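Each remark here refers to the structure printed beneath this line.
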Amino acid sequence: MGALRLPSLTSIFAVSSGRSSLFLRRSNQLHVRKLTTTTKLFAQTTPATEVAPPESNQKPLAQEQGITPRSQDFNAWYLDVISQAELADYGPVRGTMVIRPYGYAIWEAIQDYLNIKFKETGHSNMYFPQFIPYSFIEKEASHVEGFSPELALVTVGGGKELEEKLVVRPTSETIVNHMFTQWIHSYRDLPLMINQWANVTRWEMRTKPFIRTLEFLWQEGHTAHATLEEAEKEAMQMIDVYTKFSYEEAAIPVIPGRKSRVETFAGADRTYTIEAMMGDRKALQAGTSHNLGQNFSRAFGTQFADENGQRQHVWQTSWAISTRFIGGIIMTHGDDAGLMLPPRLASVQVVIVPIWKKCNEKKEVLDAAVSIKDVLHTAGIKVKLDDSDQRTPGWKFNFWEMKGVPLRIEIGPRDVSSGSVVVSRRDIPGKPGKVFGISMEPSVLIPYVKQKLEEIQLSLLDKAKSFRDSNIVDVKSYDELKEAISQGKWARGPWVGSDEDELKLMKLQFLLNLTDQLLVIHNKPKQWWT
């Protein structure tokens, strides 16, 4: 992939005494992101509307039927894609979901990339228990206040009432600090940098597959440092890792920024975020990184002896990306035909569909198809041969398009005779995306397929960037701001950054009768454009 000029939070969040830049947009949750210089972005967030039917009559998502057009009903389209592409289904408990193999494969691709980056930046994987003593949650006041409504509690175990109720992990800052206190004694023990891949439980009342469920999968990193400067550098380094992943792997042009004080993570001094514009122009929080300061270390007594022998509290960070990102991929790139996967995250990059009409044509077509599959597989391309004869080629074309496979190779008797194949791109529908007469010779086919996959990856990013940029409006007054938001646009303009100003902006949700929440973030002007 060509070099991308990604927005760096190191430059975005340089200390500034000037006014802040503000972006406001509709989002899936009520958010406001602060910017650190002269502009601010406002938008509506993607709503976590309840979509699961009541438990008594809950039906599986997967049903063989058409997909609702995006322009007709975006939320119904989203659920149809999850169903038809076999990404997930409803669990038996209201608000839960079962991630199916095709959906989980996307999560595995995310894990594969991030695991490498985490280790390159000095982090090690480990695992903490999912049961946390309730007293741990109570130790940090803002933390318990922020999470209390979402906690799932265990009060009975082994048929007996527990002496202390247990919290099913909503996040791990508390139990991590309990253990850090036992492991950290001296400055020589720092920095301590770990990550865990785990499940999380938050008792959400309004749920939506991948976007907001009672239980979800994520990675959460936790680090401890000797100084505030080291912790701040770590928090911004990790949001930069997420930003690079979003651009280069997911082809999603996120906007990095710092959340407002009201939207800062419970227990953190600062929260950095990456926000993405979905296909309905709503915002999705795709990842966060928190500078926790010394809030948790003071609550838990996590201290170390510095080089002068003085006892000091550690400075900490935490950061996370979850399976919500899969929902973001669906809503960013999908179209009326279904899912559209960026090649770098697709578990199937190329599908081969053999075509024959007569029985005597079947063997030679299948032999050629198998040969092509082996050639591409050996070259490191993720390829699948659909040689089933229960469905017509036309049905297979539609099915794999709906599953979002980036490239399709068609081969019939005439192609075998000419030693060539037909290649179709998922991102360019119909005849414009179809190329005939591509040689089967490995020396030709392999580089051609790799080039097309790279072109699709870049094309998806460019399309998403163009869509994002065309839906952001520069505003200079409160009235212009209201007008932009009422039109479903993201608004960018100057903001002083005060709590009073933020509350005034939040009231737009009610003044404009919005069913979605608003998000405000700080972001240095123009940094995220490049």
Side-chain angles (χ1 to χ4, degrees), residues 27-31 45-58 61 75 78-79 82 88-99 103 107 127-157 161-176 178 196-220 259 262-268 271 284-288 290 296 318 320-328 515-517:
S27 71
N28 288 318
Q29 313 162 23
L30 183 53
H31 299 293
T45 62
T46 302
T49 331
E50 181 165 334
V51 295
E55 286 182 88
S56 59
N57 63 348
Q58 195 167 18
L61 275 170
N75 189 61
Y78 175 76
L79 297 178
I82 291 175
D89 208 338
Y90 292 123
V93 175
R94 181 180 171 279
T96 63
M97 69 173 177
V98 177
I99 304 177
W107 182 236
Y127 185 78
F128 291 87
Q130 68 171 328
F131 296 120
I132 302 172
Y134 188 76
S135 57
F136 284 16
I137 304 293
E138 292 180 304
K139 284 190 177 183
E140 213 290 321
S142 62
H143 194 64
V144 67
E145 180 181 358
F147 276 99
S148 183
E150 300 177 349
L151 297 181
L153 302 177
V154 178
T155 58
V156 176
E161 187 171 344
L162 301 178
E163 292 184 4
E164 179 180 3
K165 54 189 174 184
L166 303 176
V167 176
V168 183
R169 175 176 48 224
T171 183
S172 298
E173 280 77 10
T174 57
I175 194 168
V176 165
H178 175 78
Q196 75 164 340
W197 296 91
N199 62 332
V200 168
T201 299
R202 296 180 184 176
W203 211 262
E204 304 284 358
M205 301 308 295
R206 303 170 63 201
T207 60
K208 183 174 184 176
F210 290 114
I211 300 302
R212 188 176 293 273
T213 50
L214 264 63
E215 180 190 14
F216 57 89
L217 304 180
W218 75 351
Q219 60 73 210
E220 54 175 321
K259 284 199 169 187
V262 172
E263 286 296 314
T264 295
F265 175 75
T271 289
L284 184 75
Q285 175 185 288
T288 53
H290 314 291
F296 286 92
S318 65
I321 269 184
S322 75
T323 41
R324 170 182 288 190
F325 211 102
I326 297 175
T515 57
D516 313 310
Q517 296 173 308

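It should be emphasised that the depicted structure is a prediction, and the values quoted were computed from it without experimental measurement.
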Cationic tip of Lys259 above Phe265 ring, under 6.0 Å, 45° of axis: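 Negative - Lys259 is either too far from the ring of Phe265 or too far off its axis.
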Where the side chain of [X] meets the backbone of [Y], is there a donor-acceptor pair that is under 3.5 Å apart?
X	Y	answer
Glu164	Ser135	yes
Thr96	Val93	yes
Arg324	Arg212	no

Do [X] and [Y] touch side chain to side chain, with heavy atoms closer than 4.5 Å?
X	Y	value
Tyr90	Met97	no
Val168	Leu153	no
Val167	Phe136	no
Ser322	Leu217	no
Phe325	Leu284	no
Thr201	Pro170	no
Phe131	Arg169	no
Leu214	Arg202	no

May I have the step-by-step check of side-chain contact (heavy atoms from CB on, under 4.5 Å) for Leu162 and Val154, ending in yes or no? CA-CA 8 Å; Leu162 301 178; Val154 178; 4.0 Å; yes
Distance in Å, [X] [atom1] paired with [Y] [atom2], rounded so as to fall on 0.5 Å steps:
X	Y	atom1	atom2	result
Thr213	Arg94	OG1	CZ	12.5 Å
Thr171	Glu150	OG1	CD	10.5 Å
Ile211	Gln285	CD1	CD	11.0 Å
Ile132	Leu166	CD1	CG	9.5 Å
Glu163	Glu161	CD	CD	10.0 Å

Show the numbers, then the answer: is there a ring-ring contact (aromatic ring centres under 6.0 Å, His included) between Trp107 and Trp197? CA-CA 11 Å; Trp107 182 236; Trp197 296 91; 5.6 Å; yes
Atom of [X], atom of [Y] and distance for their closest heavy-atom approach:
X	Y	value
Leu151	Trp203	O-CB, 4.3 Å
Leu79	Pro209	CD2-CD, 3.8 Å
Phe296	Gly267	CE1-O, 3.5 Å
Ala320	Trp218	CB-CE3, 3.5 Å
Tyr127	Ala198	CE1-CB, 4.0 Å

Reference residue Ser318; test side chain to side chain donor-acceptor pair (under 3.5 Å); the match among Glu173, His290, Glu220: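 Considering Glu173, His290, Glu220, a side chain to side chain donor-acceptor pair (under 3.5 Å) with Ser318 is found only for Glu173.
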Gln130 vs Asn199, test: side-chain contact (heavy atoms from CB on, under 4.5 Å). Steps then yes/no. CA-CA 8 Å; Gln130 68 171 328; Asn199 62 332; 3.7 Å; yes
Please step through side-chain contact (heavy atoms from CB on, under 4.5 Å) for the pair Gln196 and Gln219, ending with a clear verdict. CA-CA 6 Å; Gln196 75 164 340; Gln219 60 73 210; over 6 Å; no
Run the side chain to side chain contact (heavy atoms under 4.5 Å, CB included) test against Pro129 and tell me which residues pass, sequence neighbours left out.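 Ile175.
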